[in-house]
Participant: 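Next up is a structure, given as structure tokens.
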Amino acid sequence: MLSEVLLVSAPGKVILHGEHAVVHGKVALAVALNLRTFLRLQPHSNGKVDLSLPNIGIKWAWDVARLQLLDTSFLEQGDATTPTPELVEKLKEVAGLPDDCAVTESLAVLAFLYLYLSICRKQRALPSLDIVVWSELPHGAGLGSSAAYSVCLAAALLTVCEEIPNPLKDGDRVNRWTKEDLELINKWAFQGERVIHGNPSGVDNAVSTWGGALRYQQGKISSLKSKQESTTSCVPDDAALGSRNGEMKLGPPALQILLTNTKVPRNTRTLVAGVRNRLLKFPEIVAPLLTSIDAISLECERVLGEMGEAPAPEQYLVLEELIDMNQHHLNALGVGHASLDQLCQVTRARGLHSKLTGAGGGGCGITLLKPGLEQPEVEATKQALTSCGFDCWETSIGAPGVSIHSATSLDSQVQQALDGL
């Protein structure tokens, strides 16, 4: 087992196009959001495994010797990649969670224990570890925070147990795992997501693992590529989303955006059901809308593939038009909200183009920032959105996937959070 401290990060995700239409078999484009979750894993010898999640107020510790003596044969039952409801119930007994434990805290702890016990049980003895996970992603905003958490845990635990090598070499500030290692990280992260969500699509953990941009349709996840790349459709073969020993290939460009959280809560299940009901009520109206959203996703995929390393101004104009059209379509499907309308109005007044991302009905929206936009204008827009009561971040999409960092590569804010929270 490795003895050095590991620092790992993974991105969140946003849906660029295809919300709701994807439920009806259409294409959705998901992109890595460069608001990241950070994990620090520190081996120690105090006989404890400690988990600290300061964003949601969790500090939990288990005695390794006690965990070692527990009957964990339930993890051997069937395929270890399928955490069944029965398995999750047994994990609750192992965790020793109180009956009044909040759902968010409970699921985060159970996902950790599942991954820790499953990945580390091949060791001669369960390792004593101190793990701190801190995130820039708001929880419960549809931005893939649980997937980034699961990806960080899987990457760190697989590395410390030497199931995969540490790709960080002397002098590296940051590096990534090979394609094969990323496949294993993604596989285990998906199981963490299953503990948390039951039956996830796998999109969120795939985006967080591979980074860049993915297309999702009817259960099939594949990569968006630049025109310079080959046309293989399997995500693990797309090195634009991964790397081989840190050597990155070309892929869709990273796009600068504003991400805005309206902080209006929404119920995804209710919104999805509303679209389905509208489709049943007005099939000749709604079915063409879904087909049109699909065409928007495909056109965006084509444009992103052509942008490469030197995007042209006219390509950004097309992306802006697609954003506007999709937002109108989503409103027509009934998943808009007054807060999202306000977001679009505020940014439109400044010549910027926005749409909701995710389920709608509140939640988050994205605003495309074209190259050359003056920083004072960006700041003024952020201030205007903040004045509406929203949270707003300037960030990018198409970000790198799960990465390992040297201690000196993290900015001071992240390092202070990991050290002090």
Side-chain angles (χ1 to χ4, degrees), residues 8 10-13 15 22-23 28 30 32 37 39 51 53 56 58 60 72-95 97 101-122 131 133 135 137 139-158 161 163-164 181-210 214 216-222 234-236 268-269 272 358-359 401-402:
V8 175
K13 76 93 178 56
I15 302 298
V22 70
V23 177
T37 292
L39 179 150
L51 177 68
L53 310 177
I56 54 176
I58 288 179
W60 213 266
T72 55
S73 60
F74 62 89
L75 291 171
E76 307 277 358
Q77 295 173 5
D79 186 351
T81 62
T82 353
T84 62
E86 294 77 18
L87 185 149
V88 173
E89 284 303 312
K90 290 184 178 179
L91 277 175
K92 288 180 181 178
E93 297 175 19
V94 172
L97 294 171
C101 185
V103 173
T104 298
E105 178 176 343
S106 172
L107 292 174
V109 168
L110 294 177
F112 165 73
L113 270 182
Y114 175 78
L115 292 171
Y116 171 76
L117 293 172
S118 297
I119 293 171
C120 299
R121 64 184 173 171
K122 294 180 182 177
I131 295 175
V133 187
S135 188
L137 292 160
H139 172 73
L143 301 175
S145 59
S146 68
Y149 170 68
S150 293
V151 168
C152 282
L153 283 175
L157 291 170
L158 287 166
C161 291
E163 293 290 314
I164 58 177
D181 294 338
L182 289 171
E183 287 175 355
L184 188 60
I185 291 169
N186 189 48
K187 168 194 162 184
W188 279 109
F190 181 55
Q191 311 327 316
E193 277 282 85
R194 293 183 75 171
V195 172
I196 295 171
H197 293 297
N199 188 31
S201 68
V203 170
D204 287 13
N205 52 276
V207 172
S208 192
T209 299
W210 298 98
L214 303 179
Y216 178 80
Q217 185 177 25
Q218 296 182 320
K220 181 181 178 183
I221 303 171
S222 56
C234 178
V235 169
T268 300
R269 184 172 298 179
V272 168
V402 63

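None of these values were measured; they are calculated from a predicted model. Count residues from 1 along the sequence.
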Participant: Which heavy atom of S201 sits nearest to which heavy atom of I221, and what is that distance?
Facilitator: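 Shortest heavy-atom separation between S201 and I221 comes out as O-CD1, 4.3 Å.
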
Participant: How would you list, by chain and number, every residue that makes a side chain to side chain donor-acceptor pair (under 3.5 Å) with E89, sequence neighbours excluded?
Facilitator: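 Side chain to side chain donor-acceptor pair (under 3.5 Å) check on E89 returns K92.
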
Participant: Determine whether R194 and Q191 make a side-chain contact, defined as any pair of heavy atoms from C-beta on separated by less than 4.5 Å.
Facilitator: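 Side chain of R194 against side chain of Q191, heavy atoms only: contact under 4.5 Å found.
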
Participant: Without swapping roles, check the side chain of K13 against the backbone of S145 for a donor-acceptor pair under 3.5 Å.
Facilitator: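 Such a contact is absent between K13 side chain and S145 backbone.
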
Participant: How many angstroms lie between CD1 in I131 and CG in L157, if you round to the nearest 0.5 Å?
Facilitator: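 That separation rounds to 5.0 Å.
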
Participant: If only atom types and distance count, is the side chain of S208 paired as donor or acceptor with the main-chain N or O of G12 below 3.5 Å?
Facilitator: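 Not a single qualifying donor-acceptor pair exists.
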
Participant: Report the C-alpha distance between L91 and L117 in whole Å, list the side-chain angles of each, state the deciding distance to 0.1 Å, and finish with yes or no for side chain to side chain contact (heavy atoms under 4.5 Å, CB included).
Facilitator: CA-CA 10 Å; L91 277 175; L117 293 172; 4.2 Å; yes

Participant: Apply side chain to side chain contact (heavy atoms under 4.5 Å, CB included) to S146 and E193, showing your working.
Facilitator: CA-CA 7 Å; S146 68; E193 277 282 85; 2.6 Å; yes

Participant: What closest approach, in Å, do I15 and G358 show between heavy atoms, and which atom pair accounts for it?
Facilitator: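 Scanning both residues completely, I find the closest heavy atoms to be CB-N, 4.2 Å.
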
Participant: Roughly how far, to the nearest 0.5 Å, is CG of L110 from OH of Y114?
Facilitator: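 Interatomic distance, Y114 OH to L110 CG, rounded to 0.5 Å: 12.5 Å.
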
Participant: Considering non-hydrogen atoms only, spot the tightest contact between P11 and A32 and give its length.
Facilitator: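 Looks like CG-CB, 3.9 Å.
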
Participant: Say you draw a straight line from CD1 of I164 to CD1 of I185; how long is it, rounded to the nearest 0.5 Å?
Facilitator: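 I164 CD1 to I185 CD1: 4.0 Å, rounded to 0.5 Å.
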
Participant: Which residues pass the ring pair (Phe, Tyr, Trp, His ring centres under 6.0 Å) test with Y116, sequence neighbours left out?
Facilitator: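 Ring pair (Phe, Tyr, Trp, His ring centres under 6.0 Å) list for Y116, sorted by chain: F112.
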
Participant: Closest approach of A154 and L115, non-hydrogen atoms and distance?
Facilitator: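 Minimum heavy-atom contact is N-CD1, 4.4 Å.
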
Participant: Excluding sequence neighbours, so at least two apart, what forms side chain to side chain contact (heavy atoms under 4.5 Å, CB included) with A141?
Facilitator: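 Here the qualifying residues are P138, L143, N261, C364.
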
Participant: Calculate, to the nearest 0.5 Å, the distance between atoms CG and CG belonging to N186 and D181 respectively.
Facilitator: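 Between N186 CG and D181 CG, I get 12.5 Å after rounding to 0.5 Å.
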
Participant: How many angstroms lie between atom CD1 of I119 and atom CG of L158, to the nearest 0.5 angstrom?
Facilitator: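 Taking CD1 in I119 and CG in L158, the distance rounds to 4.0 Å.
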
Participant: Walk me through it: do N205 and S150 pass the test side chain to side chain contact (heavy atoms under 4.5 Å, CB included)?
Facilitator: CA-CA 8 Å; N205 52 276; S150 293; 5.9 Å; no

Participant: What are the two closest non-hydrogen atoms of A155 and V402, and how far apart are they?
Facilitator: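 Looking at all heavy atoms of both residues, the shortest contact is CB-CG2, 3.9 Å.
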
Participant: Could you give the distance from CG (D204) to NE2 (H197), rounded to the nearest 0.5 Å?
Facilitator: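 Taking CG in D204 and NE2 in H197, the distance rounds to 7.0 Å.
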
Participant: State, to 0.1 Å, how close V203 and L214 come at their nearest heavy-atom pair, and which atoms those are.
Facilitator: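 The answer is O-CD1, 4.4 Å.
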
